[in-house]
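Shown next, in structure tokens, is the structure this report addresses.
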Amino acid sequence: TACLAVAAALGELSLEMSKRARLAYGLGFVMTMALQAAAQCVASCERVSVPISYGFDAALRSVEVDVGSCRYDLKNCSAEEVAAFGSNCVPQAYELRPFNNRLGPFLARVIKSCYSLDVNSKCQRVEVPTIVFPDSPYRKMLRTGACYGKWNGSEGSCVPTNEANIIAHGPNGPIPVPNMLSCGCIAQEGCCYRVDHFESHWQLNVTTTNNVTTSIVSEELINVGKCVGSCPLGPARCYPSDDVCTWRLPASRLKCASAPQSSVLYTYTDLSGATASVATVGRCDCRTG
């Protein structure tokens, strides 16, 4: 009987220890999951305040405009995770607001809201609405675009390759609002590139059929192109020569200009019947002078 009582007591003790072990394991698992959740990287794309001073108004009061900026609020993120997010927190909408300072009226583009762009997005045009003249009877939302996304290479920029203005009407007449029509990628070296730019000319088309001459005037839209972007500083130079350096000229910034060898002449017939030509930009690069 005593042996049976001891065995029963040992069984109850073993059962109690097993329950406590399971409970401790469960608590440990819950705490581990909680710690992992607490350590998980949390990113929130938010608009932050960025006040810019635009001088003073007629009453000598400071004119400050909160143009805003889009930034990630990162919590519990490693350096690799921070780098992965990069600059994918971008404006979702703009406002074009009128202000006045001592120099006169001006328009300031203000970021209204932000959102997080897909980190794997390729360089593309994304519609980013611009609201002009908010809080007035002239308020209107324009479907403007912006260039967002990554370049396929290791380094580069997603830039506009074709721009045009949208005309908005305000209390003082029409104003131009920049609009990106298409986007492309360029390498970072010498951020100088060609974009579309059109010229319109009248062209005379003369045809003869069955001894009957017909003259038709039509518009000829020529994509002459233009060079935009910025260039790095060029090398310092010596005067009169590098061998005899009497005066060392400081380095100056190179100019983003058309490469002459790449220019192509576009010919057409003008209204007088003469052959006219327009030089088009084929390629842009950073040049001296």
Side-chain angles (χ1 to χ4, degrees), residues 67-68 70 87 90-99 105-115 117 121-134 136 138-151 156-187 190-203 217-231 255-259 262-268 270 276-286:
V67 297
C70 295
S87 56
V90 295
Q92 188 178 32
Y94 288 101
E95 283 185 346
L96 206 58
R97 290 184 166 272
F99 294 92
F106 65 94
L107 294 170
R109 193 170 74 157
V110 175
I111 295 176
K112 183 175 176 62
S113 59
C114 305
Y115 80 109
L117 188 71
S121 292
K122 302 298 182 183
C123 177
Q124 60 183 310
R125 180 191 185 274
V126 178
E127 187 172 300
V128 181
T130 299
I131 300 173
V132 295
F133 303 111
S136 80
Y138 295 92
R139 183 187 187 278
K140 186 176 182 180
M141 187 176 72
L142 305 177
R143 300 177 63 180
T144 54
C147 295
Y148 293 153
K150 286 185 176 182
W151 190 52
S157 301
C158 181
V159 296
T161 55
N162 191 8
E163 302 179 33
N165 289 328
I166 299 177
I167 301 302
H169 293 273
N172 297 291
I175 61 166
V177 180
N179 178 33
M180 314 304 176
L181 298 179
S182 61
C183 305
C185 296
I186 61 166
C191 191
C192 168
Y193 56 98
R194 181 193 188 277
V195 298
D196 292 339
H197 185 75
F198 295 90
E199 284 187 8
S200 176
H201 296 273
W202 287 119
Q203 175 167 266
V217 176
S218 62
E219 180 192 22
E220 188 70 10
L221 202 60
I222 306 172
N223 185 1
V224 296
K226 66 177 180 178
C227 297
V228 298
S230 60
C231 293
K255 295 181 179 180
C256 178
S258 171
S262 69
S263 180
V264 177
L265 287 179
Y266 186 95
T267 59
Y268 64 98
D270 62 18
S277 62
V278 175
T280 63
V281 176
R283 179 174 54 85
C284 302
D285 57 17
C286 294

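No experiment lies behind these values; they were computed from the predicted model shown.
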Donor-acceptor check, side chain of R97 to backbone of V110, threshold 3.5 angstrom: yes or no? no
Closest heavy-atom pair, P171 versus F133, reported as atoms and distance to 0.1 Å, is CD-CE2, 3.9 Å
Test side-chain contact (heavy atoms from CB on, under 4.5 Å), reference V177, set T144, N165, I167, output is T144
Measure from the side-chain N and O atoms of Y115 to the backbone N and O of A93, and report whether any donor-acceptor pair falls under 3.5 Å. no
Shortest non-hydrogen separation from Y268 to Q203 and the atoms involved: CB-OE1, 2.9 Å
Tell me if a side-chain donor or acceptor on R109 pairs with a main-chain N or O of Y94 at a distance below 3.5 Å. no
Taking every non-hydrogen atom, the tightest pair across P129 and Q92: CD-O, 3.4 Å
Do the side-chain sulfurs (SG) of C158 and C183 come closer than 2.5 Å? no
When you measure from the side chain of T280 to the backbone of V264, do you find a donor-acceptor pair of N or O atoms at a distance under 3.5 Å? yes
Shortest non-hydrogen contact from T267 toward S277: CG2-CB, 3.9 Å
Quick one: pull up CZ in R194 and NZ in K226 and give me the separation to the nearest 0.5 Å. 11.0 Å
Exercise: identify the closest heavy-atom pair between R125 and R143: NH2-O, 3.6 Å
How far does OH of Y266 sit from CD1 of I222, to the nearest 0.5 angstrom? 5.5 Å
Would a distance-only check, ignoring hydrogens and angles, find a side-chain to backbone donor-acceptor pair under 3.5 Å from D285 to C256? no
Which atom pair, heavy atoms only, marks the closest approach of S263 to A279? OG-CB, 3.9 Å
What is the distance from atom CG of L96 to atom CG of L142, rounded to the nearest 0.5 Å? 8.5 Å
Is there side-chain contact between R139 and I131, with at least one heavy-atom pair below 4.5 Å? yes
Examine distances only and state if a side-chain atom of N179 and a backbone atom of A164 form a donor-acceptor pair shorter than 3.5 Å. no
Should the SG of C227 and the SG of C284 be checked, would they turn out to be under 2.5 Å apart? yes
